[in-house]
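All heavy atoms count here, side chains included; hydrogens, waters and symmetry mates do not. In each ligand, atom 1 is the first atom listed, and ligand 1 is the first ligand listed.
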Amino acid sequence: MKAYGFRKELNITTMKEMEEMIEAAKKSIAHGKVANYIPALARANKELLSAAVYLPDGRHFEAGDTAERFSLQSISKVITLALVLMDRGEDYVFNRVGMEPTGDPFNSIIKLERVSAGKPLNPMINAGALAVTSMIKGENLGRRLERLLQFVRQIAANEDITYSKEISQSEFETAQLNRSLCYYMKEHGIITEDVETLMDLYTKQCAIEVNCVELARIGLVFALNGWDPVMKTQLIPEKIAQICNTFMVTCGMYDASGEFAIKVGIPAKSGVSGGVMGAVPRRFGIGVYGPALDGKGNSMGGIKLLETLSKKYNLSIF
Ligand code: DON
C-alpha cells in the first residue's frame, strides 16, 4: 500500500530518469502509426519520443528529441476553449456546446444527430472544437487568429510561436469530414459563420507549432489553475482553467479517457501530431511528443511514458 501523501519530488536526477523512461517507452511504439489523414503529418518520424516537465519555480527538465517542433492539433482545443470562455462567458459557450464525454472517436458525427440535435456534446471532440473556434472574437479571420496566437505565445512564454502553413494547408485541403460537421451544426444554428472561413481558422489553430518544453509550460499554467508563476500573472481566470482541466480529465484522451484516468490520472490532452499535454494540479506541467499513434489517435510512446512518470512520481489525482 502506498504511504498516504507520499510524493517523490522532481530534482536533477529526474532528467536521467526521464531518459531511461523514454528508452523503455520506445519499445511500445512498434505497432504505432503516424496520422496520415492529414498528409503533412504522415511525414513525421515515428521513432521520435521526447518529454519535458515544467516546474512553478521556472526550472524545467527535458529528455529525448526535445528540439522537435510539432503542431498542437487537438491540444489547441483546450487553449481555444479557455480563450472563448474569457471572450464570451460560460452561458454563451455552454448553450452551444455540451459538457458530456461521448465515448466516440474524436471525429465522429453520430451523436450530433442521434443525441443532441446538432449541439456537440463537448468541446474536445472535433464538432465541439469547431463550434468553439467559431466563437473566437475578432473583426476578421486575421485578427481572430492573431488573438489566439498571442494567447498561446503568452502561456507558452515564447513570442515566436506561429503556425505551420504547410500543415494547415494540408488539413484545409483534406478536411471534408470536419466540413460536414460544420454544415450539420450550421443547419442547427450552432454555427452561423461561413464554413470555409471557419475551416481556415480551425486548421491554422491546429497547425500552431510548439516543442515539448513549451507544451509543458502551457500545461503548468493549467496545473496552477491559470496562474503563471514565472510572470506572476493570472493568465486565465481560475474558474475557466478549472473547467478546462475537468474537460481534460473527462474527454481529453477521447474514447481512451477512462483508461487514461485509471492508468495515469491527470488532466491531459492529446493531438494527432503525437503531442500530449499534462497538467499535474498544483505541481507541474508535462509536454510529451511521440508521433506513433494508437488506434484512438493518442501517442503510444507518450502514454506509456506518462504511465511510468505517474507511477514513479505518484501523480494521479485520484
Ligand atoms: O480536426 C482534426 O482532425 C485535427 N486537426 C485534430 C484532431 C486531433 O488532434 C485528434 N487527436 N487526437
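The ring-ring contact (aromatic ring centres under 6.0 Å, His included) search around Y54 returns H60, not counting sequence neighbours. For F70, the ring-ring contact (aromatic ring centres under 6.0 Å, His included) test picks out Y289, with sequence neighbours left out.
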Would you please test E196 and R179 for salt bridge (charged side-chain N to carboxylate O under 4.0 Å, His left out) and show each step? CA-CA 8 Å; E196 290 307 297; R179 280 186 176 82; 2.8 Å; yes
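Closer than 4.0 angstrom to ligand 1 lie heavy atoms from Y37, Q73, S74, F106, N126, E171, N178, Y202, C206, Y254, S270, G271, V272, G297.
Side-chain contact between Y202 and N126 is present, with heavy atoms from C-beta onward closer than 4.5 Å. For the pair I136 and F151, the minimum side-chain heavy-atom distance is 4.5 Å or more.
Other cluster members for V230: none, since no ILVMFWY side-chain heavy atom sits under 4.5 Å from it.
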